[in-house]
Amino acid sequence: MRLCSPSPHAASPQIPPRRSFLKAAAIAPVSQAHQSLRARGDGPRGGEGAGILRPQAARVRDNARHGGEGGEPSGARTRKRRNSLVRAAARAEGVGAAGGASGDGERSDWRVARVIRVLREDLPVQYERDLDWSVYDGSVAFVDPVTRLDGLILYRGMISSLRLITAVGFEPGSVVFELHSIEEVPPSARTFSPFPPRPGLEGRVAEAVGAVRSVWSTWGRTRWGKEFEITGDDIFRINEIGKVITHESAWNESPSQVWESFKL
């Protein structure tokens, strides 16, 4: 029997080279991921950029340039810009993320975490109600650029006096305390605002096993029509049993500026 040989003009199947096949298989899922990210607004737009993921920093810059996601009141943006330098200084000192995580990525000490939780709840409403005194040591010392108080009784008296002054001397509802950040810092950390607390607590600093920094602003309007605003940062130092032993407050305004804001 005679076998027929294939015609020289018959088309032979084309087998793609192995390298081309692997390249096509690798590109397909990447292309699908690229299209998905572009649909979400995370990928490169208009063919710009060689990467697949749009960097997080770029999204942050875009949000800042356009007033944040969803927008925010211009007054809030102004206050955030005003305090950006002090928050940057805090980060430069190794401050961790808000909520109590330390700068080296370790979990926050439970004593520090408890103080952060209480202060975050108490500080914004300190002009309206009493504080949770369970986190303060009986020998707590308070110091700011003009004042020093020793002992929990005097410290509680100062906070009560602030509430009384707010109720009597200021227009109702006009006084606000805004907490910009509250974070764990090293026990030896210092305030960074230009008008520091009075010296004299070096011995208490040595006792601390943890510390918390808050960055804040407070403002309002007196009943005689004067407006005031004070900004700064505070350090709360914590002893081995989880109690606050010092509250050190620094201001961005000079004591004379603060006095001018209040006097008749």
Side-chain angles (χ1 to χ4, degrees), residues 75-76 78-95 98 115-116 119-120 122-124 126-127 131 136 140-151 154-163 165-166 169-170 174-208 210-222 226-238 244-264:
T78 300
R79 288 194 293 274
K80 287 182 179 180
R81 285 194 297 269
R82 183 189 59 221
N83 287 278
S84 61
L85 290 178
V86 290
R87 287 198 296 272
R91 289 192 295 271
E93 290 190 8
V95 176
V115 170
I116 287 176
L119 293 178
R120 185 184 289 118
D122 280 358
L123 293 179
Q126 62 182 302
Y127 299 138
L131 308 183
Y136 294 87
V140 61
F142 170 81
V143 61
D144 66 15
V146 297
T147 305
R148 174 169 175 172
L149 301 172
D150 291 284
L154 293 178
Y155 185 66
R156 292 186 67 166
M158 178 193 69
I159 300 298
S160 297
S161 298
L162 285 176
R163 287 199 301 275
I165 292 171
T166 299
F170 292 86
S174 71
V175 182
V176 175
F177 186 97
E178 182 175 358
L179 185 62
H180 298 289
S181 66
I182 183 162
E183 304 161 312
E184 182 178 358
V185 292
S188 60
R190 303 291 181 179
T191 56
F192 52 74
S193 297
F195 294 93
R198 297 174 61 185
L201 295 182
E202 291 77 12
R204 307 304 301 274
V205 173
E207 298 176 30
V212 173
R213 184 199 309 279
S214 66
V215 179
W216 52 270
S217 300
T218 184
W219 65 91
R221 183 180 179 86
T222 66
K226 300 202 78 172
E227 295 185 351
F228 84 95
E229 181 172 15
I230 309 172
T231 64
D233 73 293
D234 292 4
I235 297 288
F236 297 82
R237 302 193 197 277
I238 304 163
V244 175
I245 54 175
T246 71
H247 174 183
E248 302 155 46
S249 185
W251 302 343
N252 290 313
E253 293 76 24
S254 69
S256 60
Q257 287 177 300
V258 174
W259 172 245
E260 284 294 328
S261 300
F262 292 105
K263 73 176 186 179
L264 290 170

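Because the structure is predicted, anything quoted here is derived from the model rather than measured.
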>> I need the minimum non-hydrogen distance between P197 and S249, along with the two atoms involved.
In response: CB-O, 3.5 Å
>> Looking at Q126 and L123, would you say the former's side chain and the latter's main chain have a donor-acceptor pair under 3.5 Å?
In response: yes
> What's the shortest heavy-atom distance between I165 and F170, and which atoms?
Replying inline: O-CD1, 3.5 Å
> Taking all atoms of both residues into account, what is the closest heavy-atom pair of S256 and S254, and its distance?
Replying inline: OG-OG, 3.0 Å
> With under 30° as parallel and over 60° as perpendicular, where do the rings of F142 and Y155 fit, or are they tilted in between?
Replying inline: tilted
> Please walk me through it: do W251 and D144 pass side chain to side chain donor-acceptor pair (under 3.5 Å)?
Replying inline: CA-CA 8 Å; W251 302 343; D144 66 15; 4.8 Å; no
>> Can you tell me how far apart CZ (R148) and CG (L154) are? Round to the nearest 0.5 Å.
In response: 11.5 Å
> Looking at CD of E207 and CD of E202, how far apart are the two atoms once the value is rounded to the nearest 0.5 Å?
Replying inline: 12.5 Å
> Step by step, would you call E248 with R237 a salt bridge (Lys or Arg N to Asp or Glu O under 4.0 Å)?
Replying inline: CA-CA 8 Å; E248 302 155 46; R237 302 193 197 277; 2.7 Å; yes
>> I'd like to know whether V205 forms a side-chain contact (heavy atoms from CB on, under 4.5 Å) with T246, so could you lay out the CA-CA distance, the side-chain angles of the two residues, the decisive distance to 0.1 Å, and finally the verdict.
In response: CA-CA 8 Å; V205 173; T246 71; 5.8 Å; no
> If you round to the nearest 0.5 Å, how far is CH2 of W216 from NE2 of H180?
Replying inline: 9.5 Å
> Could you state the interatomic distance from OH (Y136) to CZ (F236), rounded to the nearest 0.5 Å?
Replying inline: 5.0 Å
>> Please check: side-chain N/O of T218 versus main-chain N/O of V176, any donor-acceptor pairing under 3.5 Å?
In response: yes
>> Give me the atom names and distance for the closest heavy-atom approach of L179 to P124.
In response: CB-CG, 4.3 Å
>> Return the CD to CZ distance between Q257 and F195, rounded to the nearest 0.5 Å.
In response: 6.0 Å
>> Restricting to non-hydrogen atoms, name the atom on P187 and the atom on A208 that form the minimum distance, rounded to 0.1 Å.
In response: CB-O, 3.7 Å
> For H247 and D234, what are the C-alpha separation, side-chain angles and deciding distance, and is it a side-chain contact (heavy atoms from CB on, under 4.5 Å)?
Replying inline: CA-CA 7 Å; H247 174 183; D234 292 4; 2.7 Å; yes
> Will you find, in the side chains of T191 and D233, an N or O donor that is under 3.5 Å from an N or O acceptor?
Replying inline: no
> Once you round to the nearest 0.5 Å, how far does CG of L119 lie from CD1 of I182?
Replying inline: 4.5 Å
>> Would E183 and R213 count as a salt bridge (Lys or Arg N to Asp or Glu O under 4.0 Å) here? Give the steps.
In response: CA-CA 5 Å; E183 304 161 312; R213 184 199 309 279; 5.5 Å; no
>> I'd like to know whether T231 forms a side-chain contact (heavy atoms from CB on, under 4.5 Å) with E253, so could you lay out the CA-CA distance, the side-chain angles of the two residues, the decisive distance to 0.1 Å, and finally the verdict.
In response: CA-CA 7 Å; T231 64; E253 293 76 24; 3.2 Å; yes
>> Which heavy atom of P186 sits nearest to which heavy atom of A211, and what is that distance?
In response: O-CB, 3.6 Å
>> Quick one, V215 with F192, criterion side-chain contact (heavy atoms from CB on, under 4.5 Å). Give me CA distance, side-chain angles, the key distance, then yes/no.
In response: CA-CA 10 Å; V215 179; F192 52 74; 4.1 Å; yes
